[in-house]
Every structure is written in structure tokens, then in C-alpha cells.
A.B. asks: 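Quick one: the structure is below, questions incoming.
Excluded from the calculations below are hydrogen atoms, water molecules and symmetry mates; all remaining heavy atoms, backbone and side chain alike, are included. Note that the structure is predicted; figures quoted are calculated from it, not measured.
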Amino acid sequence: MRLLLMSDTHLPKRAKELPEPLLAELPRADVVIHAGDWVDTATLDLLESRSRRFIGVYGNNDGPALRARLPEIARAELDGLRLGVVHETGVAQGRERRCAERFPDLDVLVFGHSHIPWDTTAATGLRLLNPGSPTDRRRQPHCTYMTATVKDGGLDEVSLHRLPPRT
């Protein structure tokens, strides 16, 4: 099962549209995951209409229209993998411990907010993934998203993809 992970798209404030390389991944993904800060409902409509399965949450920049359609925290079982999605996890220091305590029933937690790619594992085995942002790199060298594969109840082939600069 192939996963496509993104967060912090901030459309149309940070970009006019999702980058073409990211859109090209949609048909290849079995599950599309967005960890919040959409800003517009058009992006949600697009991802829902083009995804085989979609999992998303709202972020701190998302208004009432998005909050009415999305949860703050999403959970799903994907071929035995217990996955959660949330926008904010707090400061980087102590993140693994805090998230492991808050989400003891998960194998993987996808989060956003910082626009900084993150891939670590807590002492409990909880894997924490932040795909960064495909549209707003902030202080990062590149805009990014992630792909991963679920295999035999575990996460495999996690890849961070760097997007070319917008022209």
C-alpha cells in the first residue's frame, strides 16, 4: 500500500496551486494524507476527488469551513499499521516522548505545522513523520512531501521528496 504524505499547503496564500510533481503522485497513491493548514477548501475538494482513500485533519490556519469537514485528529488502520494524523505536536525538544504518551495506541503519527521535515522514532516504537510543506519551505532549502509503503503491518520505504523551486 503506497502512501502520499503532505502538510501545510497554505493555498492560495503561499502558492497558487499544488506543485505538478506532487499532483503526479496522486494516481500512484493508495492513501493520501494531509496533516493540516490547507487554508482553502478547493485543495481539500481536489484531494478528496482524486484520492482512492483520503485522510486529513485541520490545522491552526484553517477556518470554520475546513474545521466542519475535517477532524483535529484522524486515526486509521492500514493493513495492520495503526496510523494517526494531527497538525501540531509542540516544540521539537521532547516531541518523541510527548507524542508517545499522547498516542500510545499508534505505530505512526504524521504531523505538520513546522514546515520542517521530520522522521524519528520514539523509545516506544512510535514513528513520527512530518512531510514538510510542498508550497512553503520557510527556512528549509526545499519544499517537500513524503511517500511511504505499508507492508506486513509496518512502514517501509519512507522517502522525502524535494520539489524544484517554483518559477
A.B. asks: Would you indicate whether the side-chain heavy atoms of I55 and V32 approach each other to under 4.5 Å?
C.D. replies: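 Answer no - side chains too far apart.
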A.B. asks: About how many Å separate OG of S114 and CG of N130, when rounded to the nearest 0.5 Å?
C.D. replies: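 It comes to 4.0 Å.
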A.B. asks: Nearest heavy-atom pair of G56 and P71: which atoms, and what distance?
C.D. replies: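 Smallest interatomic distance, heavy atoms only, reads O-CD, 3.4 Å.
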A.B. asks: Verify the cluster assignment for V158 and L81: are they in a single hydrophobic cluster under the rule of side-chain heavy atoms below 4.5 Å apart?
C.D. replies: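 They do share one cluster, since a chain of ILVMFWY contacts under 4.5 Å joins V158 to L81.
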A.B. asks: Between CG of L106 and CD of E77, what distance do you get to the nearest 0.5 Å?
C.D. replies: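 Output value for this atom pair is 11.0 Å.
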A.B. asks: Are M1 and V31 side-chain neighbours, meaning at least one heavy-atom pair lies under 4.5 Å?
C.D. replies: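 Contact flag for M1/V31 side chains = yes.
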A.B. asks: Do H142 and R137 come within less than 4.5 Å of each other through their side chains, counting heavy atoms only?
C.D. replies: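 Heavy-atom side-chain distance check fails, nothing below 4.5 Å.
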A.B. asks: Between W118 and L3, is there a shared hydrophobic cluster once you connect ILVMFWY residues whose side-chain heavy atoms come closer than 4.5 Å?
C.D. replies: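 Each belongs to a different hydrophobic cluster.
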A.B. asks: Mind checking whether L18 and L70 sit in one hydrophobic cluster, side chains of I, L, V, M, F, W, Y counted as touching below 4.5 Å?
C.D. replies: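 Looking at the clustering, L70 is in the same group as L18.
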A.B. asks: Under a 3.5 Å cutoff, is there a donor and acceptor pairing between the side chains of T43 and D40?
C.D. replies: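 The criterion, which ignores hydrogens and geometry beyond distance, is satisfied for D40 and T43.
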A.B. asks: Verify, without hydrogens or angle tests, whether R95 (side chain) and G90 (backbone) share a donor-acceptor contact under 3.5 angstrom.
C.D. replies: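 Yes, the answer is positive, given that a donor and an acceptor are paired below the 3.5 Å cut-off.
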A.B. asks: Excluding sequence neighbours, so at least two apart, what forms side-chain contact (heavy atoms from CB on, under 4.5 Å) with H10?
C.D. replies: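 Residues passing side-chain contact (heavy atoms from CB on, under 4.5 Å) with H10: D8, R14, D37, V39, N61, H115.
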A.B. asks: Could you walk me through whether R162 and C143 pass the side-chain contact (heavy atoms from CB on, under 4.5 Å) check?
C.D. replies: CA-CA 6 Å; R162 295 176 175 174; C143 289; over 6 Å; no
A.B. asks: Does one hydrophobic cluster hold both L160 and L83, with members joined at side-chain heavy-atom distances below 4.5 Å?
C.D. replies: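 Same cluster: L160 reaches L83 through Ile, Leu, Val, Met, Phe, Trp or Tyr contacts under 4.5 Å.
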A.B. asks: Look at R2 together with E25 and state whether they make a salt bridge at an N to O cut-off of under 4.0 Å.
C.D. replies: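 A salt bridge links R2 with E25.
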A.B. asks: So does R127 pair up with D119, basic N to acidic O under 4.0 Å?
C.D. replies: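 Looking at D119 together with R127, the answer is yes, because their closest N to O distance falls below 4.0 Å.
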A.B. asks: Do F54 and H34 have side chains that get closer than 4.5 Å, going by heavy atoms?
C.D. replies: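 Sidechains of H34 and F54: in contact.
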A.B. asks: What distance separates H161 NE2 from L4 CG, expressed to the nearest 0.5 Å?
C.D. replies: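 Spacing of NE2 (H161) from CG (L4) equals 8.0 Å.
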A.B. asks: Could you state the interatomic distance from CG (L109) to CD1 (I73), rounded to the nearest 0.5 Å?
C.D. replies: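 Nearest 0.5 Å value for the CG-CD1 distance: 9.0 Å.
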A.B. asks: Looking at side-chain heavy atoms only, is the closest gap between L5 and Y145 below 4.5 Å?
C.D. replies: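 Answer no - side chains too far apart.
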A.B. asks: Would you call L128 and V110 a side-chain contact if the rule is heavy atoms closer than 4.5 Å?
C.D. replies: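 No, every pair of side-chain atoms sits at 4.5 Å or beyond.
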A.B. asks: Can you list everything that forms a side-chain contact (heavy atoms from CB on, under 4.5 Å) with P19? Sequence neighbours excluded, please.
C.D. replies: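 P19 satisfies side-chain contact (heavy atoms from CB on, under 4.5 Å) with P21, L22, P134, T135, L163 only.
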A.B. asks: Looking at side-chain heavy atoms only, is the closest gap between L44 and L66 below 4.5 Å?
C.D. replies: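 Heavy-atom side-chain distance check passes, below 4.5 Å.
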A.B. asks: For the side chain of D62 and the backbone of W38, is there at least one donor-acceptor N/O pair under 3.5 Å apart?
C.D. replies: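 Checked: pair present.
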A.B. asks: Under 4.5 Å between any side-chain heavy atoms of L129 and T120, yes or no?
C.D. replies: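 No, their side chains stay 4.5 Å or more apart.
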A.B. asks: Is there a path of hydrophobic side-chain contacts, each under 4.5 Å between heavy atoms of I/L/V/M/F/W/Y residues, joining L47 to I33?
C.D. replies: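 In one cluster: no.
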A.B. asks: Mind checking ring-ring contact (aromatic ring centres under 6.0 Å, His included) for F103 and listing every partner two or more places apart, or none if nothing turns up?
C.D. replies: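 Counting only residues at least two positions away or on another chain, F103 forms no ring-ring contact (aromatic ring centres under 6.0 Å, His included).
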